[in-house]
Each structure stands twice: as structure tokens, then as C-alpha cells.
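Following: one structure in C-alpha cells, then a few remarks.
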There are 2 protein chains.
Amino acid sequence: MTDREDLGALLQRLLRVVLERETALLTRHDVEMWEYVVLAVLQHGPAPTQNQLAALVGRDKTRLIGTLDGLQARRLVERNPDPRDRRNRVVSLTPAGRHRVEACRADIRRMEADLLGAVRADEAEAFVRVLSRLAGRRLPS
Amino acid sequence: MTDREDLGALLQRLLRVVLERETALLTRHDVEMWEYVVLAVLQHGPAPTQNQLAALVGRDKTRLIGTLDGLQARRLVERNPDPRDRRNRVVSLTPAGRHRVEACRADIRRMEADLLGAVRADEAEAFVRVLSRLAGRRLPS
DNA sequence: TATTGTTATACTCTATAACTATA
DNA sequence: TATAGTTATAGAGTATAACAATA
């Protein structure tokens, strides 16, 4: 670890490449980046409130609304009032939304495999493992 | 590589942590993020034109100007007209600028070592090596 | 005319503060 | 009154276009 670039610079450059490829790929599925992030989070289950969903995707609740409007207009997500507290709107995937995000995910995995193909398979696996460790887990709140 | 988060999500989360720590650290040196990026690039030698410098740091030439103004006002960089083509202004570090960026770099290295301390030393080294490979080299133009 | 550095304008994204409806 | 969702307003960051000086 003698003379190398800063970790921040390296991460930013790699992230930029990943995001460029991912954006192009998602466009072919008619899905924008933030839309995909929302769909991916909802794969784990419905979000009990939009507020919690916003925190989960790391975004403000006000900025989330336009994204949800677009997804709902295309019948990829549903917003249903919670009968127990009608202020809350529980957001969930429709079957179409589930199929869409699964198709996106498959393409992303292919893209990632292609990218990681530049290094040995065991190196790539170790890289992703350490990256997961260092990135920590998503804050649930 | 069964069920894991997307590479983009992992990279973004780790980058966010790194940038937060780096920003706090740079503030103690009275240096902003983009200012540090410029200083770090200039460590390798003067930039023959602001245009080339902008491309090197991955930024528009118009957005670079305010950053250079601030750095020049604090006598950390110099802008000298090129005698052979007086349209160009060659940007270089002053001695104070060199000392400043070296101090920042040292703190950043400490921060990175602390961050990478969460995994074994050989894993951390391999991680940075693969990351460098995948990030590729900075485009000179 | 073309290019470097600069300034000015417009646009996007984000953050903050009101508004409504339910509780 | 307090909270979830929504809308509206203001601010920061960015991109694009015009401008002055030099070639």
C-alpha cells in the first residue's frame, strides 16, 4: 500500500462505471434508477408507510412521491390505505412490478459478472465479500 | 455469489461513509472536497491549461473556476500565463499548497487504514488492489 | 475563424416549509 | 395536538450559451 490513489477516488470511478451501465440497462426496461431502487426494496415485502420506504431507500419522503406516482401510473406498485390507520398508505409490488424488477435484476447480475470478469473469479468473490462487510447493512430507519 | 445486494448499492454506501469522514477531516484543514481533488491532481505536476485540469478532475471548466479562485486567494495555487500561448494559464501548487495537500493526504491515509481495519490486513490489501484494477485509470483527456 | 478563460443564463435536483386528511 | 401524505417555494448544484482576449 505504497503510493496509490485515494479510496474515495477509486470508489467514485468504479461507481460511475457501474451506474452508467446500469442506467443504460434499466432504460431498456423503461425503469429509472430511483424507480429501480424502490422496486428492489419492495421485493423484500410491502412498506407499511411511505415514510419508512423513503428512509429505506435513503431519500426524503417528499422526493419519493413523484417516483411512486410514476410507478403506480404504470401499474408496477400499489398504494393502499391501511384500514387500521387511514393516514398510512402501504406500498407494495404488483405482479407486473415483481416481474419487472426481477428482469432488471437478472440483467444487472449479468452486467456485474461482465465487469468483474476483468479479475480472477476468486478475487472477484473476495472483493464483493469485503465490500459488503465495509459497506455495512442498510439502516432500517 | 447467491443473494446479495447490487454492486451499485454497496459501492454507494461505502463511498458515502468515506466521503463523510473525508469531508470532516478536510474541514479541519480548511479545504473543501473539490479543492482537495484539484490539489491532489496538481501534486503530479502543474496543469498546462485549466481545460486539461478540468478534464483531469472530471469536471466542467466553468465549474472549476470558482474552486481555483478560492485556492488562489489563499495562496495554495498559482495561475501563470503561458508565455508561448498567452491564452493558456498554467496552474501549479505553491509550497504552501504542497504542504497543505500532503497534510490532508496523511490524514486521509489514517482514516482509510481505520476503515479497512474492519477486515484482515491481507483482505484489505487485496480489496484495494482489485478496486484499483476495476476502477481503471483516470482518463487523461 | 478558432480556442482559452470567464461570465451569465437556464435547468435540475434537493431541502424546507406550508397544507389536507386522518388520528 | 400530532402525524402521513402532498404540494409549493426557495436554494444549491449543474449544464449550456454568450463574451473578451489571444492566436
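Convention: sequence-line order gives letters A, B, ...; per-chain numbering from 1.
The phosphate of C:dT22 (OP1 or OP2) has no side-chain N or O of A:Arg84 nearer than 4.0 angstrom. Phosphate contact (OP1/OP2 of C:dT4, side-chain N/O of B:Gln52, threshold under 4.0 Å): absent. Contact between the side-chain N/O atoms of B:Arg87 and the OP1/OP2 oxygens of C:dG5 is not found at any separation under 4.0 Å. Applying the 4.0 Å criterion to OP1 and OP2 of C:dC13, one finds that A:Arg59 has every side-chain N and O outside that range. Regarding contacts with the backbone of C:dA15, a side-chain N or O of A:Arg63 is found under 4.0 angstrom from either OP1 or OP2.
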* Asked: Which is it for A:Gln72 and A:Arg79 under the side chain to side chain donor-acceptor pair (under 3.5 Å) test, yes or no, and what are the steps along the way?
  -> CA-CA 8 Å; A:Gln72 190 175 28; A:Arg79 284 193 270 200; 3.1 Å; yes

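Among the candidates A:Leu134, A:Leu15, A:Leu7, the single residue satisfying the side-chain contact (heavy atoms from CB on, under 4.5 Å) test with B:Leu14 is A:Leu134.
Contacts between residues 26-45 of chain B and DNA chain C, defined by a heavy-atom separation under 4.0 Å, are absent.
Taking atom CD of B:Gln72 as the reference point, atom C1' of C:dT6 lies 13 Å away to the nearest angstrom. Counting to the nearest Å, the P atom of D:dT14 and the CG atom of B:Leu64 are 12 Å from each other. Distance, B:Arg89 CZ to D:dA20 C1': 13 Å, rounded to whole Å. In this structure, A:Asp69 places its CG atom 7 Å from P of D:dT6, rounding to the nearest Å. Across the protein-nucleic acid pair, A:Asp82 atom CG and C:dA21 atom C1' stand 15 Å apart, rounded to whole Å. One interatomic measurement links the two molecules: NZ of B:Lys61 to P of C:dT3, which rounds to 11 Å at whole-angstrom precision. Regarding A:Asp60, its CG atom lies at a distance of 15 Å from the P atom of D:dT7, rounded to whole Å.
Between the side chain of A:Glu123 and the backbone N or O of A:Arg120 there is at least one donor-acceptor pair closer than 3.5 Å. The main-chain N or O of A:His99 is never found under 3.5 Å from a side-chain atom of A:Glu102 such that the two would form a donor-acceptor pair.
Judged by closest nucleotide on DNA chain D, A:Arg79 is the one of B:Pro83 and A:Arg79 placed further toward the 5' end.
Between D:dT7, C:dG5, D:dT16, one nucleotide has an atom nearer to the side chain of A:Ile65 than all others, and that is D:dT7. You'll find that the side chain of B:Asp85 is closest to D:dA23, out of D:dA23, D:dT7, D:dG5.
When all heavy atoms of A:Pro48 and A:Gln52 are compared, the closest pair comes out as CG-OE1, 3.2 Å.
At a threshold of 4.0 angstrom between heavy atoms, the contacts of A:Asn88 are confined to the sugar-phosphate backbone, with no base atom among them.
Counting heavy-atom neighbours within 6.0 Å of B:Arg86 CZ, excluding the residue itself, gives a total of 12 or less.
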